[in-house]
There are 2 protein chains.
Amino acid sequence: MQYDCITMQSITSEQRQNKQREKILAGAMRAFLTYGYAANMDTIAQEGGVAKQTVYTYFKDKESLFSALIDRLLDRFVTAGMGAELMAQEPPVFFRVLTQIALQRMDDPEYVGLIRVIIAESARFPELSETYLNRLVRPGVDSLAYYIRENPNLRFSDPEALARIIHGALVNFMISQEILNGKFMMPMSRERITASLLELILFAAEQAKQAR
Amino acid sequence: MQYDCITMQSITSEQRQNKQREKILAGAMRAFLTYGYAANMDTIAQEGGVAKQTVYTYFKDKESLFSALIDRLLDRFVTAGMGAELMAQEPPVFFRVLTQIALQRMDDPEYVGLIRVIIAESARFPELSETYLNRLVRPGVDSLAYYIRENPNLRFSDPEALARIIHGALVNFMISQEILNGKFMMPMSRERITASLLELILFAAEQAKQAR
DNA sequence: GTCTATACATGGATAGAC
DNA sequence: GTCTATCCATGTATAGAC
């Protein structure tokens with residue numbers, strides 16, 4: 001009985017701590033994704049609705065907080081390859097869905113901000129780009145290359161290189177439209193990108209099949 | 001005669017000033033392209049081999065120096081569309097040369113640094129991405145779209161969207177390999193990218209011609 | 001024009017009361 | 001654990017001697 005009480009207290013205390021931690025991380029997210037690593041600790045604390053000192057109770061220093069946040073964000077967006085259902089689709093459906101999924105991320109300010117910060121701070125924090133490549137890019141590109149390689153209707157000579165081309169076209173569309181404000185200066189609809197990418201891939205696939 | 005002397009003096013003085021200005025800009029380039037806008041003024045002066053005060057004789061403040069530098073760098077890399085000789089080539093040659101030219105830029109640390117800084121500081125300095133899009137991206141994409149639209153062997157339904165896809169694939173390859181250190185973590189040769197991109201475009205073009 | 005020294009502001013991190 | 005007040009390093013910008 002005594003021990004149960006202690007356990008109970010310990011749990012609620014831990015929960016409270018986690019809640020505070022969450023508040024801090026949420027505030028830090030807004031600050032870092034807006035100002036990059038240049039965001040200052042006062043702003044971060046204010047955004048989180050806590051005192052600055054409280055931030056330092058949960059995180060050793062600014063760098064720890066930054067790393068923890070990016071790690072958590074990456075976790076949230078980890079693709080872990082593609083679903084089995086999608087991988088089972090024929091090329092027209094597969095590439096259409098793939099493109100739509102990729103382009104939907106443009107609507108998430110946190111995703112856009114994350115990519116911006118990673119590129120921006122990749123010189124200062126090399127492990128950032130390392131994690132990004134390993135956990136977000138590689139699984140996506142690998143799955144895509146696997147699909148291309150295994151589908152009998154897609155007889156491309158270098159699935160891995162092709163996967164990078166497709167992936168790159170989509171990522172760069174997001175960067176130029178959302179991060180570089182191209183949506184105002186050089187607007188281009190997702191539908192047109194999707195349609196043209198499909199045309200390109202499916203036409204080429206058809207020709208490759210005939211040419212083999 | 002008197003006036004000639006004055007003119008002479010005025011010219012040499014101006015030349016000296018320009019030389020100092022160049023030294024400062026060269027130093028600032030190294031600093032900014034390495035540390036981003038976070039580079040400090042002492043480092044910049046040191047890199048330029050001048051006293052910090054001298055920097056402030058030529059530039060009002062850090063922001064002016066930064067803007068002047070990026071402007072000058074953008075000038076250097078401005079494509080101003082593609083050459084008439086290239087535009088006259090048939091697709092296989094055209095796309096091969098285009099790809100090689102685009103990928104050669106990866107070897108220029110100043111170009112890579114410029115792209116990184118533009119993405120990094122696009123939130124703080126929106127006019128940066130504006131200039132980049134207008135002077136580097138738009139001419140390239142427009143020329144490419146024009147070529148696709150006008151070449152009778154390329155019957156694609158949306159040349160502008162296709163131009164963005166091709167351009168994006170190349171730019172993102174540079175970003176992931178050079179800026180995000182993918183050349184160590186996920187290496188991929190330019191030759192494979194070039195070959196796959198050519199295969200994709202030319203196969204699709206052939207099919208489009210047959211399908212019309 | 002150039003250098004040394006310095007004023008002033010900002011921001012990361014901590015001390016001490018509660 | 002939380003808040004207020006503060007320390008101290010850093011960095012932008014300038015003043016004054018040469």
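Per chain, numbering begins at 1; letters A, B, ... match sequence-line order. What you are looking at is a predicted structure, and each value in this text was computed from that prediction instead of being measured.
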Once you apply a heavy-atom cut-off of 4.0 Å, does [X] come out as touching a base, just sugar-phosphate, or nothing?
{"X": "Asp61(A)", "value": "sugar-phosphate"}
{"X": "Ala39(A)", "value": "sugar-phosphate"}
{"X": "Ala45(B)", "value": "nothing"}
{"X": "Thr54(B)", "value": "sugar-phosphate"}

Please state how far atom [atom1] in [X] lies from atom [atom2] in [N], giving the value in whole angstrom units.
{"X": "Phe66(A)", "N": "dA13(C)", "atom1": "CZ", "atom2": "P", "answer": "14 Å"}
{"X": "Ile24(A)", "N": "dG12(C)", "atom1": "CD1", "atom2": "C1'", "answer": "16 Å"}
{"X": "Phe59(A)", "N": "dT2(D)", "atom1": "CZ", "atom2": "P", "answer": "12 Å"}
{"X": "Glu63(B)", "N": "dG11(D)", "atom1": "CD", "atom2": "P", "answer": "19 Å"}
{"X": "Asp42(A)", "N": "dG12(C)", "atom1": "CG", "atom2": "C1'", "answer": "9 Å"}
{"X": "Lys62(B)", "N": "dT10(C)", "atom1": "NZ", "atom2": "P", "answer": "15 Å"}
{"X": "Phe32(A)", "N": "dG11(C)", "atom1": "CZ", "atom2": "C1'", "answer": "13 Å"}
{"X": "Tyr56(B)", "N": "dC8(C)", "atom1": "OH", "atom2": "C1'", "answer": "13 Å"}

> For the residue pair Phe94(B) and Tyr147(B), does the interplanar ring angle fall in the parallel (under 30°), tilted (30 to 60°) or perpendicular (over 60°) class?
Replying inline: parallel
>> Angle between ring planes, Phe125(A) versus Phe66(A), binned at 30° and 60°: parallel, tilted or perpendicular?
In response: tilted
> Of all heavy-atom pairs between Ser196(B) and Leu162(A), which one has the smallest distance, and what is that distance?
Replying inline: OG-N, 4.0 Å
> Is there a donor on the side chain of Lys52(A) or the base of dA13(C) sitting less than 3.5 Å from an acceptor on the other?
Replying inline: yes
> With respect to the side chain of Ala51(A), which nucleotide from dT14(C), dA13(D), dC3(D) is positioned closest?
Replying inline: dC3(D)
>> I want to verify a distance call: between dT2(D), dA13(D), dG12(C), whose nearest atom is closest to the Asn40(A) side chain?
In response: dG12(C)
> Should Val117(A) and Tyr132(A) count as side-chain neighbours, where that means a heavy-atom distance under 4.5 Å?
Replying inline: no
> Can any side-chain N or O of Asn181(A) pair as donor or acceptor with the backbone N or O of Phe184(A) at less than 3.5 Å?
Replying inline: no
> Does a nitrogen or oxygen in the side chain of Gln53(B) sit under 4.0 Å from OP1 or OP2 of dA5(C)?
Replying inline: no
